Amino acid sequence: MLRTHTCGQLRLSDVNQNVVLTGWVQRSRDKGSVLWVDLRDRYGVTQLIFEEAKTDADVLSAGRSLGREYVIQIEGLVVERLSKNDKLPTGEIEVKVSKVKVLNPSKLPPFTIEDDTDGGEELRMKYRYLDLRRNPVRESLQLRHKMAQHTRMFLDGQNFIEVETPVLIKSTPEGARDFVVPSRIHNGEFYALPQSPQTFKQLLMVSGFDRYYQIVKCFRDEDLRADRQPEFTQIDCEMSFITQEDILNTFEGLIRHLFKQVKGVELPDVPRMKYDEAMQFYGSDKPDTRFDMKFVDITDLTKGKNFQVFESAELVVGINAKGCSEYSRKQIDELTEFVKRPQVGAKGLVYVQYRTDGTIKSSVDKFYSGDELKGWTDKFNAEPGDLILLLAGEAFSTRKQLNELRLLMGDRLGFRDKNKFSALWVLDFPLLEWSEETQRYHAMHHPFTSPKPEDIKLLDTDPGKVRANAYDMVINGTEVGGGSIRIHDRATQQMMFNHLGFSEAEAKKQFGFLMEAFEFGAPPHGGIAFGFDRLCSIFGGADSIRDFIAFPKNNAGKDVMIDTPSTISEEQLKELGIEVKVKSDKL
Ligand code: ASP
């Protein structure tokens, strides 16, 4: 080895030892008579010292010529430091250098390689390999590594078998577009990259594998959105001969195991909520349950008083922002502006201040008496000091708008602490979802999800009402995983495809292999997949998933480091039998 120790290793007990260290020059401080150099590697930073009076002149001058990020090897004696640094594990010692060897010089890095860097996002992405030298980024990836190891340990302990499924496959509809790969040998034909290994894991159940998992890359060609990656990783799992209850218990076990092992947090039992309830009380299928602030419906109490906005509304619903009654006009105006933003889309905001002195003041005092307003605050169980915020309109969209306002108030009131964790199962999702765009029903989860048997009869009459054996796990208001109990017989699967608007021939062309497999003894089965990048970012207390991915794409779906997507040569295109019209700016 080129070194005897790492840069994070030496302590007081090593004083008087001669050591060899290797690493990167983080920075130098030259005080004339003394030169200090911080040497860094993955394990830490060790201070090197060169002294004019004691160090060999050649060594000192070599020390002075070291630039930032030079890769060096040094030999020297471990000595106790005069002024110690208690923030650094190696802060009690330094190494008196007797030999320096430059293993490789470095150009000046485009940003400082320190915890707080001066590099902007784009620059950091272009030089991601330098960004990865920084502690916070490396630590995020180490957390990811730990999460993966503990996931494997837990699932292995539960008899799951890790199986790799192919990457060049045929389209699986999970609601997004496929990335396609042209075939050279079969010109005009294409592979698709998996949006998930869904059909393969089901086939493994038909094969009798009983319990499968894979930490696997998935690809979805979706519209760009902040923090969405075209390729991402799932912890993908499937089990046979189980009920929904078994799946919930097994994977709640996984999540609690991860919290315990990786964060030292004892996560309590994960509560469960029905989809309908989540929508009714939180206006979202992924409520943030770190705080309460449930919706209260006061539609009945508002009618017949000539206030047109409420009179014409299907729903009048609100939240109680506790302790906010003394908000200023300006603060309330800000909230009104917030709900009126096009992204939220409300027409306006009604408020009721239950003042600390016990009086009630509202923006609709003209229409409602004090007693009537007291009736509202009672329904909210409000106390003096509370502020009721109300929205009105069509039920579904009003709840969605109120969800945004609830989250904003949760932020303002400090309820959304990243170091507090609240997990939730959301159950009984609808099987189908109406799409205005295509004017037909789509599978809300995917077409292999089984309807609740008691709801099958509604498929012909009221398809939107059919519930699925489908579930999501939500942590802190983010969906981290989702799955379902599957259909495992051909007839039901065929019927499902019919309802989704596939002709028999189309269904056969795309999924004939699966339906045929169902005729060869398919066991009842179900599963789940967790978004691994997102899960890591939640464990890391970060908003963005990017730092938990070694080489992520930017918000435009590009890797600016390797510069992709990019054009390919005429020759490659010809071989693939593809003709493209290339925009002139790309030539
Ligand atoms: N394949 C599904 C998904 O990617 C998960 C599952 O149903 O197991 O969302």
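Here the structure is a predicted model, which means the values were calculated and not measured. Each ligand, and each atom within it, is numbered from 1 in the order the structure gives.
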Test: Arg406 cationic atom under 6.0 Å from Phe291 six-membered ring centre, within 45° of axis: yes
Per-atom contacts, ligand 1 versus Gln234 - under 4.0 Å to a heavy atom: 3 (C), 4 (O)
Numbering as shown, the atoms of ligand 1 that approach Arg220 to under 4.0 Å (heavy-atom distance): 3 (C), 4 (O)
For Gly483, atoms of ligand 1 separated by under 4.0 Å from a heavy atom: 6 (C), 7 (O)
Salt bridge (Lys or Arg N to Asp or Glu O under 4.0 Å) partners of residues 526-542, not counting sequence neighbours, each pair once: Arg144-Asp533, Asp227-Arg534
Lys347 atom NZ, neighbour heavy-atom count above 12 within 6.0 Å: no
Region of Ala529 engaging ligand 1 - heavy atom pairs below 4.0 Å: both
Element-labelled atoms of ligand 1 that are located less than 4.0 Å from some non-hydrogen atom of Arg486: 6 (C), 7 (O), 8 (O)
Ring-ring centroid check Phe295 Phe281, cutoff 6.0 Å: no
For atom 5 (C) of ligand 1, the option (of Gly526, Ala470, Gly482, Ser196) bearing the nearest heavy atom: Gly482
Identified side-chain contact (heavy atoms from CB on, under 4.5 Å) partner of Gln158 from the options His257, Arg211, Met153, Met239: Arg211
Those atoms of ligand 1 less than 4.0 Å from some heavy atom in Lys201: 6 (C), 8 (O)
Tyr212 six-ring face occupied by Lys201 cation (under 6.0 Å, within 45°): no
Ligand 1 atoms in contact with Ile528 (distance to a heavy atom under 4.0 Å): 8 (O)
Lys553 atom NZ, over 12 foreign heavy atoms within 6.0 Å: yes
Residue His445 vicinity, atoms of ligand 1 by number, heavy atom under 4.0 Å: 5 (C), 6 (C), 7 (O), 9 (O)
